[in-house]
Every structure is written in structure tokens, then in C-alpha cells.
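I am attaching a structure below and will ask some questions about it afterwards.
In what follows, every chain begins at residue 1, and chains take the letters A, B, ... in the order their sequences are listed.
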Amino acid sequence: MKLATWNVNSLKVRLPQVIDWLGSNQPDMLCLQETKLINDNFPERELAAIGYQSFFAGQRTYNGVAILSKHQGSEVVTGIPDFADEQKRVIAATYGDLRVVSVYVPNGEDVTSEKFTYKLRWLPALTKWLQQELKQYPKLALLGDFNIAPEDRDVYDPKAWEGKVLCSQPERNAFNGLIELGLSDSFRLFEQPEKSYTWWDYRMMAFRLNRGLRIDHILLSRELASSCISCTIDKTMRKQERPSDHAPVMVELGT
DNA sequence: ATGGTAGAGGATCTA
């Protein structure tokens, strides 16, 4: 079983790359963020044509999340229950006994911003909901763009980013709140290359210089973490023409 | 310290 996540930064622009990547990698599920599409415009038929069922929650211009799967899903939830939020950032679905949650955590813009306050309200709401979900679904995978680099080794220049949005202590504390639910950062279950990142700014040749951050994650509940075989970042798509600024991340789970 | 790029939408906002 392979689970993946990818912030595509517009599914309209990236659909050919998504179809190409699904064909090459054959994940069972792919979680998407920043689809930037209203539901009426979601390319459901194109994805069904290559064997993927879609669940999606979109809006105009910004945000938007989805789960694509080779398997029949059910129990779809969009948004964090009991948390008023017009922004489409969460979708969850069940596949057999596997609960899959795709999240696009608010960016926060800057630690002095109103958007940062929203980010720090949003994360505990997510955490509280997932605590309930874990009771119902011991096999839970939380995938997405967390907009948080958990540790300094996830940042190309920790000194320059110290205290900045995506790296600040309040954000890292919120990330640890998710870990304390019993979720594991699957990437760190394995030995990994140094300077592994999932996002590089489009500007200043950041990708070529590997000036990136690891902010896209796959967190696994205990039951799933024990069967996790690998977690990898696929930089190949970031090298293509007109790439997303994020790379896909994928885990493989054993039986 | 500033501004660089990309996407959406058609001027800025978001990242």
C-alpha cells in the first residue's frame, strides 16, 4: 500500500503532471493540496479514466484539498467538525480500515500577521478533532502541507529562519501536539539524506541551490507506523517545466 | 533591507 501527498499549486495547471506521476508511481492514494478549483471544475473524469476515484473540497482561487484513490472510499468529511472555517483545507475518507486525512495547514504569512493567529487557532482544532478520529480509526494517516518545518535540520538555513513563519517555536509546538497524539513523522522513521526538503521558493533559484524546507509530511498512527517500510521525497517533478513549488512525498506500508 | 516568481484573475492577494 502506497500513500502520497503533493501540494500541486493549481490542479488545473498541474493535471498533466499529476496524471503522469500517478502512472509512474501507482500510489493507492494521493492527497492533494492547493487545487485552487471549485468543485464543478474538478477533473473527476480525467482521473477516473486512469483508475482514480476523487473526493474533493475546493473553492475559487485559493486552497482546496482532495484525495485520489484506486480504492472505493466512504465516510467523507470536509473541514474540521465544529470549527467554523470558510477555507477549504481538510478532507478525510475511509478505505477499508484505513482513515486518510488530507490537510493544507494555513501558511501564516508572518508571525506578526493575523493569518498567523488563525494558523495557531487552526492547528489545535485539527489536533482535537484527530484525537477523536484516532479512537474510531486506529489506522490513521495524516498527509499534507503542514507549513511547518519541525526541526532545524528541515531548514536549509536555520539561523536565517529562526523564529520566522514555518519555523517558529509556537508552530513547532503545535506540530508536536500532533505527534503527541501518537502520530509519527514517517520520514524520520528511516535514515534519510541530509538536506532533504519538500518545498523550494520559486524565486532566487532556490531549487537549484537546494534552499528548501521540509514542510510536507506524512504522519502515521502507531498501528500504521509499525508497518511503514519507506518514506521518500520525489524531487523529479520539481525539476520539470512549470513545476509546483512542492515535491510529492510517499510512504509504503507493508501488510 | 529589499525583492525576487508563480497562480488566479484581470488589480492585487496569497504563498
Which value, in whole Å, describes the distance between the C1' atoms of nucleotides B:dT14 and B:dG10? 16 Å
Can you tell me how far C1' in B:dG7 sits from the matching atom in B:dA11, rounded to whole Å? 14 Å
Under 4.0 Å between any heavy atoms, over every strand shown, what does A:Y104 touch: base, sugar-phosphate, or nothing? Just pick one.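 Sugar-phosphate only.
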With nearest nucleotides of DNA chain B determined for A:G108 and A:L11 from heavy-atom distances, which residue corresponds to the more 5′ nucleotide?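 The residue closer to the strand's 5' end, by nearest nucleotide, is A:L11.
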Please give the distance between the C1' atoms of B:dG3 and B:dA15 as a whole number of Å. 15 Å
Of all heavy-atom pairs linking A:V65 and A:T35, the shortest is N-OG1, 3.8 Å
If you assign each of A:M204 and A:E34 to its closest nucleotide in DNA chain B, which residue comes earlier from the 5' end?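 Upstream on the strand: A:M204.
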Can you check the distance between B:dG9 and B:dC13, where both ends of the measurement are the C1' atom (answer in whole Å)? 11 Å
Using chain A heavy atoms and a threshold of under 4.0 Å, write down where along DNA chain B the contacts begin and end, 5' to 3'. B:dG3 to B:dA15
Geometric class of the A:W161/A:W199 ring pair [parallel <30°, tilted 30-60°, perpendicular >60°]: perpendicular
More than 12 heavy atoms of other groups within 6.0 Å of A:Q132 CD: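 Counting other residues, nucleotides and ligands, CD of A:Q132 exceeds 12 neighbours.
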Do A:F175 and A:L219 make a side-chain contact, defined as non-hydrogen atoms from C-beta onward lying under 4.5 Å apart?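 A side-chain contact exists here, since the closest heavy-atom pair is under 4.5 Å.
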What does A:R89 touch in the nucleic acid at a heavy-atom separation under 4.0 angstrom: a base, only the sugar-phosphate, or nothing? sugar-phosphate
Using the ring centroid of each side chain, check whether A:Y95 and A:H71 are separated by less than 6.0 Å.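 Judged by ring-centre distance (under 6.0 Å), A:Y95 and A:H71 do not meet the cut-off.
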Side-chain donor-acceptor contacts of residues 135-142 of chain A below 3.5 Å, not counting sequence neighbours, with atom names and distances?
from   : atom 1 : to    : atom 2 : distance (Å)
A:Y137 : OH     : A:E75 : OE1    : 3.2
A:Y137 : OH     : A:E75 : OE2    : 3.4
A:K139 : NZ     : A:D97 : OD2    : 3.3

